[in-house]
Amino acid sequence: MDSDTPEEVMEEFKERRFGGWGVLQLTAGTGLAVYAMWAGLLMPGFRRVPLRLQVPYLPASRKQVHNVMTLLKGRSGGIADLGSGDGRIVLEAHRQGFHPAVGYELNPWLVRLSYFHAWRRGHFGKVSYLREDLWKVSLVDCKNVTVFLAPSVLPLLQKKLLAELPEDALVVAGRFPFTDWTPCKVEGEGVDRAWAYYIQAQRQPAAPSHPAEGKLNS
C-alpha cells in the first residue's frame, strides 16, 4: 500500500473534525513541547538563581534594538548588556562601534546561541558572551549598560547600578522602565519603548522643597 503524500496528509488534517479526545491530545502534545523547550533552553540558567530574581527569556524586536541604539547615539567605549539573551543587542552595539561589547547571560544555551549568531554575521571573536550571574558581575568600569529585564527585578538592579557604575555611565532600559528614576530621554512607543538614564542624575539628591511665598516662618 502506497504511503500518503504530504499534500494528502495536510488535506486530511484540514477536513478532520477533532472530538474531545483529539483536542485533549493536541493540547497535551503542545504543552509537552512547550515544557521541553523550557526545560532544555530556559531552565538550566535559572537553577542557580533565586525565584524572585529569575527573568524569562524574551528576545528583543528589531524596533526595540533600534530604539536602544538611538538612545546610545553619541556614546563610545565599551558596553555591557545584562541578561543578553540571544546576543542581538551586543552584536548591534559592536556594529555601531562600541568596543568591547560584552553580554552577561546565565543560561548556557543562550550563550551558545549568541555565539552562533556572532559567527553567522562574521563577528565571532569580536564580541563576548559570558556565562555569569549578572548580580555577581562587577560594573565599576561599565560606562554604557543595557538591560531588558522584568519589572520585578529592576528595583534591586537599580541599587546595584547606583552602587557600582561610574559617574558618567548611561543606562538604557528596554521594554520596562526604572520606575524610581527620571529618564533623560525616551525613544519609541508601547512595548518597543526604551528609556535612558544618566547615573549621575539619579545620584543627585532631590531638591528641597521651599515654603510658599508670603508664608511667615514661626
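If you read the sequence from its start, that first residue is 1, and numbering goes on from there.
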Output a table of donor-acceptor pairs, distance under 3.5 Å, between side-chain atoms of residues 90-105 and any protein atom two or more places apart or on a different chain; print 'none' if there are none.
unit_1: E92; atom_1: OE1; unit_2: R95; atom_2: NE; d: 3.1
unit_1: E92; atom_1: OE2; unit_2: R95; atom_2: NE; d: 3.3
unit_1: E92; atom_1: OE2; unit_2: R95; atom_2: NH2; d: 2.7
unit_1: E92; atom_1: OE2; unit_2: Q96; atom_2: NE2; d: 2.7
unit_1: H94; atom_1: ND1; unit_2: H99; atom_2: ND1; d: 3.3
unit_1: E105; atom_1: OE1; unit_2: G85; atom_2: N; d: 2.9
unit_1: E105; atom_1: OE2; unit_2: N107; atom_2: N; d: 3.0

Supply the atom-to-atom distance [X] [atom1] to [Y] [atom2], rounded to the nearest 0.5 angstrom.
{"X": "R88", "Y": "S61", "atom1": "CZ", "atom2": "OG", "result": "8.0 Å"}
{"X": "F116", "Y": "R121", "atom1": "CZ", "atom2": "CZ", "result": "10.5 Å"}
{"X": "L106", "Y": "E132", "atom1": "CG", "atom2": "CD", "result": "9.5 Å"}

With [X], which residues qualify under salt bridge (Lys or Arg N to Asp or Glu O under 4.0 Å), at least two apart?
{"X": "R120", "result": "none"}
{"X": "R175", "result": "none"}
{"X": "K160", "result": "E164"}
{"X": "D168", "result": "K143"}

Holding to side-chain hydrogen bond (donor to acceptor under 3.5 Å, both in side chains), I want the full list of residues that pass it with [X], two or more places apart in sequence or in another chain.
{"X": "K185", "result": "none"}
{"X": "N144", "result": "R75"}
{"X": "R62", "result": "none"}
{"X": "T146", "result": "D81"}

Does any N or O in the side chain of Q202 come within less than 3.5 Å of the main-chain N or O of T182, such that one atom is a donor and the other an acceptor?
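Confirmed, Q202 side chain pairs with T182 backbone.
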Donor-acceptor pair, distance only, cut-off 3.5 Å: does the side chain of Y129 make one with the backbone of S84?
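Not a single qualifying donor-acceptor pair exists.
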Checking Y198 now: which residues fulfil ring pair (Phe, Tyr, Trp, His ring centres under 6.0 Å) with it, not counting sequence neighbours?
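Here no residue qualifies.
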Tell me every residue that passes side chain to side chain contact (heavy atoms under 4.5 Å, CB included) with A196, counting only those two or more places apart in sequence or in another chain.
L71, L170, V172, C184
With sequence neighbours excluded, residues passing side chain to side chain contact (heavy atoms under 4.5 Å, CB included) with S76:
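In terms of side chain to side chain contact (heavy atoms under 4.5 Å, CB included), with neighbours along the sequence ignored, S76 is linked to no residue.
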